[in-house]
Undergrad: 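This is the structure I want to talk about, given as structure tokens.
Throughout, protein chains are lettered first and strands after them, A, B, ... in sequence-line order, and every chain is numbered starting at 1.
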Amino acid sequence: MNPVINSNIAVSVRNISKHFGGGKELVKALDGVSIDISDNEFFTLLGPSGCGKTTLLRLIAGFELSTVGEIFLYDEEIENLPPHKRSINTVFQHYALFPHMTVEENVGFGLRMLNRDPTEIKRRSMETLELVKMDQFANRKPVQLSGGQQQRIALARALAPEPKVLLLDEPLSALDLKLRQAMRMELKNLQRETGITFIFVTHDQEEALTMSDRIAVMSAGKIQQVGGPMDIYERPINRFVADFIGDSNFLQAKIESVLDNQANCLLSDNFSICTSLVGTHPTGSTVTLAIRPEKIKLNDESTLRGDIQETVYLGTDTNYIIKLNDSTTITVRDQNGVTGDARYSKGQSVGLHIPDSSVRMLAD
Amino acid sequence: MELPRRNPVTRRWLALSPAIVVVSIFMILPMIILLVFSFMEADPYGGVDPGFTTEAYVQILYERDFDDLLIFDPVYLNIIGRSVLLALLATIGCLVLGLPVAYFIARQSSRTQSLLLYLITIPFWTNLLVRTYAWILLLSSDGVIEQPLKFLGVIDESLDMMYTNGAVAVGLIYSYLPLMVLPIYASLEKLDFRLIEAAHDLYADRFRVARYVIFPLAAPGIVAGCILVLVPSLGAFIAPDLLGGGKKLMLGSLIQVQFASARNWPFGSAVAICLLALVMMMLMYQARIASKRRRETGD
């Protein structure tokens, strides 16, 4: 296979599979994955645990060898290079700071292994520590630092050698919520400032949506969808993506007619919805429609009706679990009034308005 | 019934008293006896005669001629020197062999780890004497090693492996290897292997990972292992006796001979005290370096 020469692509993963074990216990951690990650991009691998995202990261770092496939770093094949010969650094989930070295020695370690000049190592280490606002801790040992501080040191250590690509393996998962939110912004800024390509692994969809330029949603060793945060959220291509990113209602509908690639679908109470046809569903077949709970409006004039089975108070909003007349249940998220009261109560019969543009037909 | 109330200090001493009694009787008392004997006169039929003399210590360095003049005699100093040298050789040998073994074991799954550790301790189940005899069968002329080599024509004459310093060193390494492997394993087992990945990721090749990450973090185990091998090697007498053929005396054999056949108990005691002093000095030196390092690193 001839590699396409394209210097805008930082990391190119081509048809990678990784199998563990063998025989009956064969596990396909990755199953024919291909992605191109652009230069200077904040790219996120998102998926539940066991989806293969960490395995893919470890393959790029060089800690594992793929069963089949190729990995390119700026058009250079790196599959056969050991980790220490790849200009790629990793921020580990549990930081993996060297306990016997000071913060400064930790940050300077990569440059020291690259045989850089001691004065340059010193200058660059302090520079990177300033970048993550940890320069006053240079002489501490990692054990003397809090989790958030260790996180910053791990980041500085990986950034100091100025790698071509930085890999981040769920680096925020061990931090508490407030710190995690603050670090998201900081990571994003850091990526912009340094211009280094970031490949970020997470199972947290909110993290992925707030930071990424592009997201690859993974499941069962395969890439389900690649796209910008809005693409992924607003236009999920299959049930897995719609379900994993945010909340979704899945409603069965029958295609009544198709005109100009717009399908007219019938729901309960003969409520009709017009949406773009996705995939090759013939007229008359039953399809699944994904609808976000916050996009459905409660409106007494609507012909689609149901009874409120349950209300769940969420602070800013209330979730109403509503049983439609065809006995499917649907969740509607509605903002609470200024006094904080829920606008409807359990047992009440309500009308639901589903805007056409809020509906997405799933290909599967 | 109400127990008498005591203050906590008294209670602590009371609780410790069985241990103190055992340690006193079995460790401190024999040391005192040894020290006292070393300053007494030798009884020609074994045992000691009353009276204070430093003769035993003088004997270590000098020989008395017929005119009762002291002549410097390095024969015992040679033995001390040989003991230190062979013990160091054994320690280095055990370290070179034991470190990779310990590292290998520490990287296995926990089930394999326990199995391998169990295998490491197997030699302890049989008598050291018997195991050392086995080495005679291996090393001797026309032994298990030489015969096939002769048959294949690799060698024509005997390698004369027995009764050499090398044979003694092999015996010592064999005897004390588990004492090196176990403490190093204990410190490597606690080592976070993600640190090794992190070092690889930061451009360190295998050698540098060992040099900058594994070695410093395994240092406490390595030091403990070296002490555990060095100290008994200095006082060993089975390997030097059997594999050195009594010609390559070490301190342990010297002491054993004094009590068993030469019947010079004060001299034997004096040599034992010297050995003790040597070991104490090494341990104190090591402790000083360790505390200095702790101060420097601020642990």
Undergrad: Taking atom CZ as the centre, does A:F20 end up with more than 12 heavy-atom neighbours from other residues, nucleotides or ligands that are less than 6.0 angstrom away?
TA: yes
Undergrad: Looking at OH of B:Y203 and CD1 of A:I88, how far apart are the two atoms once the value is rounded to the nearest 0.5 Å?
TA: 8.5 Å
Undergrad: Chain A heavy atoms under 4.5 Å from B:A219: which part of the residue, side chain, backbone, both or neither?
TA: neither
Undergrad: What is the distance from atom CE of A:M113 to atom CG of B:L202, rounded to the nearest 0.5 Å?
TA: 9.0 Å
Undergrad: Name the member of A:R86, A:R112, A:M101 that forms the most heavy-atom pairs with chain B at distances under 4.5 Å.
TA: A:R112
Undergrad: Below 30° counts as parallel, above 60° as perpendicular, anything between as tilted: where do the rings of A:F109 and B:Y212 land?
TA: perpendicular
Undergrad: Would you find more than 12 non-hydrogen atoms of other residues, nucleotides or ligands less than 6.0 Å from A:E25 atom CD?
TA: no
Undergrad: CZ of B:R107: more than 12 outside heavy atoms within 6.0 angstrom?
TA: yes
Undergrad: Measuring only between side-chain heavy atoms, which start at C-beta, is A:P82 closer than 4.5 Å to B:D205?
TA: no
Undergrad: For the pair A:N89 (side chain) and B:D201 (backbone), establish whether a donor and an acceptor sit closer than 3.5 Å, ignoring hydrogens and angles.
TA: yes
Undergrad: Which distance, rounded to the nearest 0.5 Å, do you find between the CZ of A:F92 and the CG of B:D192?
TA: 10.0 Å
Undergrad: Counting only non-hydrogen atoms closer than 4.5 Å, does A:S87 touch chain B with its backbone (N, CA, C, O), its side chain (CB onward), both, or neither?
TA: both
Undergrad: Where do A:A96 and B:A198 come nearest, in terms of heavy atoms and distance?
TA: O-CB, 3.9 Å
Undergrad: Using heavy-atom distances under 4.5 Å, tell me whether B:L217 contacts chain A through its side chain, its backbone, both, or neither.
TA: side chain
Undergrad: Heavy-atom distance under 4.5 Å to chain B: side chain of A:L111, backbone, both or neither?
TA: neither
Undergrad: Please state whether the side chain, the backbone, both or neither of A:L167 comes within less than 4.5 Å of a heavy atom of chain B.
TA: neither
Undergrad: Which atom names give the shortest non-hydrogen contact between A:F98 and B:L195, and what distance separates them?
TA: CE2-O, 3.4 Å
Undergrad: Does the pair B:E197 and A:R58 meet the rule for a side-chain contact (heavy atoms from CB on, under 4.5 Å), with working shown?
TA: CA-CA 10 Å; B:E197 275 188 355; A:R58 291 176 61 80; 2.6 Å; yes
Undergrad: Does NZ belonging to A:K188 count more than 12 external heavy atoms closer than 6.0 Å?
TA: yes
Undergrad: Can you say whether B:R194 sits under 4.5 Å from chain A via the side chain, the backbone, both, or neither, judging by heavy atoms?
TA: both
